[in-house]
2 protein chains.
Amino acid sequence: MRSDDNLFPDSSELLRLDNQVCFALYSASLAMTKLYKPLLDAIGLTYPQYLVMLVLWEGDQLTVSELGERLYLDSGTLTPLLKRLESAGLLARQRDAQDERRVRIALTDTGRALRAEAEKIPACVLQRTQCTLPELQALTSQLGTLRARLAPRRSHT
Amino acid sequence: MRSDDNLFPDSSELLRLDNQVCFALYSASLAMTKLYKPLLDAIGLTYPQYLVMLVLWEGDQLTVSELGERLYLDSGTLTPLLKRLESAGLLARQRDAQDERRVRIALTDTGRALRAEAEKIPACVLQRTQCTLPELQALTSQLGTLRARLAPRRSHT
DNA sequence: CAAAAATAAATTGCACACAATTTGATTGTC
DNA sequence: GACAATCAAATTGTGTGCAATTTATTTTTG
């Protein structure tokens, strides 16, 4: 076996930017956000706000924590974001009567209605990626696995 | 053919959070950044600062624009970041004598020396991903392709 | 049941990202 | 050689992300 066949690259190779999964992820994610920008501008949402709305369209009345578990974001990120969506008239934030520590998020009619505007977005994005649906589904699944390994869901003791 | 076999999902499926490649990318990227956090804290860098250093370790004397092309970031992001790295003593920013519009970035000895500290990072990360090197290389390559499709490199007219 | 521990949001402070604008320098055109 | 167009960084303003702390509430424990 020649030394070139060694499967483990040296530190010089390992530190090359283009060999970093982290950079591939990072730059692809930012590029994806830029792709969404004009589509979301049209309906008045930022990209993280869109993610929040996707969760709420699946079912609202969630607490801030529950939203955070779904999106892997904390209250420091969500609280101001939700306040902006409230100002925009898309949702209401109300303290839970049973447990005053919790804040429940409820869609307004306007917020629910926005879903119709958003329905055309996935097809636009799919087209721009120049990928087939199965390809994207496979990638989504791989990334989900990776994320689960990186950030293991805390077992709720 | 049953209607269930229809390859194109309806809008309800297409808008589900867990079917979004964009969210898979976004959440995996943030999870990856969190994985790096303690490793980078140890050498006093943030994650985007680490990416800048990776580029400079491959070769410095780049202009801000050249760095930006490599990392897909603009001067609004890089200028303050580079100033922080300069304050930390890792690099120097100097106007190009030939073209005073450009600012050249040069590593200091401290900046070059930091590379040795960073050499252990890739192995730590690889271990934490619980993936094989070929798996990660394949994913990196797929993500590179996707990013290229999303953000086509401008042909320099 | 009172004090301590735990929990949920909110707040604070820092560092990105990026659109849009500004500042200053260079190039192209006549 | 003036002057418009272009270009490179820097600046400004907004919106995240997130660690660390604070505030308010609920639960646990002695």
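Residue numbers begin at 1 in each chain, while the letters A, B, ... track the order of the sequences.
Evaluation of the side-chain hydrogen bond (donor to acceptor under 3.5 Å, both in side chains) rule for A:Arg16 yields no partner, not counting sequence neighbours. When the side-chain hydrogen bond (donor to acceptor under 3.5 Å, both in side chains) test is applied to B:Glu13, the partners found at least two apart in sequence or on another chain are B:Asn19. For B:Gln142, the side-chain hydrogen bond (donor to acceptor under 3.5 Å, both in side chains) test picks out A:Gln142, with sequence neighbours left out. Residues passing the side-chain hydrogen bond (donor to acceptor under 3.5 Å, both in side chains) test with A:Arg93 are A:Glu86, sequence neighbours excluded. Under the side-chain contact (heavy atoms from CB on, under 4.5 Å) criterion, B:Asp99 pairs with B:Arg101, B:Arg102, not counting sequence neighbours. Under the ring pair (Phe, Tyr, Trp, His ring centres under 6.0 Å) criterion, B:Tyr26 pairs with A:Tyr47, sequence neighbours left out. Residues that satisfy the side-chain contact (heavy atoms from CB on, under 4.5 Å) test with A:Thr108, not counting sequence neighbours, are A:Thr110. Remark: A:Glu100 pairs with A:Arg95 by the side-chain contact (heavy atoms from CB on, under 4.5 Å) rule, at least two apart or across chains.
Atom pair B:Leu40:CG and D:dA19:P shows a separation of 13 Å (rounding to whole Å applied). Atom-to-atom, CD of B:Glu100 to P of C:dG24 comes out at 13 Å; the value is rounded to the nearest Å. When the P atom of C:dA10 is taken as reference, atom CG of A:Asp96 falls 13 Å away, rounded to whole Å. Distance CG (A:Asp74) to C1' (D:dG15): 15 Å, rounded to an integer number of Å. In this structure, A:Asp41 places its CG atom 13 Å from C1' of D:dG15, rounding to the nearest Å. In this structure, B:Lys37 atom NZ and C:dC14 atom C1' are separated by 11 Å, rounded to whole Å. Taking atom CG on B:Leu73 and atom P on C:dA19, their separation rounds to 11 Å, with Å as the unit. Per the geometry, CG belonging to A:Asp99 stands 17 Å off P belonging to C:dA6, to the nearest Å.
Although no hydrogens or angles enter the test, the distance criterion places a donor-acceptor pair under 3.5 Å between the side chain of A:Thr129 and the main chain of A:Leu126. At least one donor-acceptor pair closer than 3.5 Å links the side chain of A:Glu135 to the backbone N or O of A:Thr132.
Residues from residues 18-36 of chain B that place a heavy atom under 4.0 Å from any atom of DNA chain D, listed by number: B:Tyr26, B:Leu30, B:Lys34. Using a 4.0 Å cut-off on heavy atoms, none of the residues of residues 47-61 of chain B approach DNA chain D.
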Sort me out a list of protein N/O and nucleotides 9-12 of chain D N/O pairs below 3.5 Å, or just none if empty.
{"from": "D:dA9", "atom 1": "OP1", "to": "B:Val64", "atom 2": "N", "distance (Å)": "3.3"}
{"from": "D:dA9", "atom 1": "OP1", "to": "B:Val103", "atom 2": "N", "distance (Å)": "3.3"}
{"from": "D:dA9", "atom 1": "OP2", "to": "B:Ser65", "atom 2": "N", "distance (Å)": "2.9"}
{"from": "D:dA9", "atom 1": "OP2", "to": "B:Ser65", "atom 2": "OG", "distance (Å)": "2.1"}
{"from": "D:dA10", "atom 1": "OP1", "to": "B:Arg93", "atom 2": "NH2", "distance (Å)": "2.6"}
{"from": "D:dA10", "atom 1": "OP2", "to": "B:Thr79", "atom 2": "OG1", "distance (Å)": "2.7"}
{"from": "D:dA10", "atom 1": "N7", "to": "B:Ser75", "atom 2": "OG", "distance (Å)": "2.8"}
{"from": "D:dT11", "atom 1": "OP2", "to": "B:Lys83", "atom 2": "NZ", "distance (Å)": "2.6"}

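Base engagement by A:Arg84 is indicated by at least one non-hydrogen atom pair under 4.0 Å involving a base atom.
The phosphate of D:dT16 (OP1 or OP2) has a side-chain N or O of A:Thr46 nearer than 4.0 angstrom.
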Got a list of side-chain donor-acceptor pairs under 3.5 Å for residues 28-37 of chain A, not counting sequence neighbours?
{"from": "A:Thr33", "atom 1": "OG1", "to": "A:Ser29", "atom 2": "O", "distance (Å)": "3.0"}
{"from": "A:Lys37", "atom 1": "NZ", "to": "A:Asp41", "atom 2": "OD1", "distance (Å)": "3.4"}
{"from": "A:Lys37", "atom 1": "NZ", "to": "A:Asp41", "atom 2": "OD2", "distance (Å)": "3.0"}

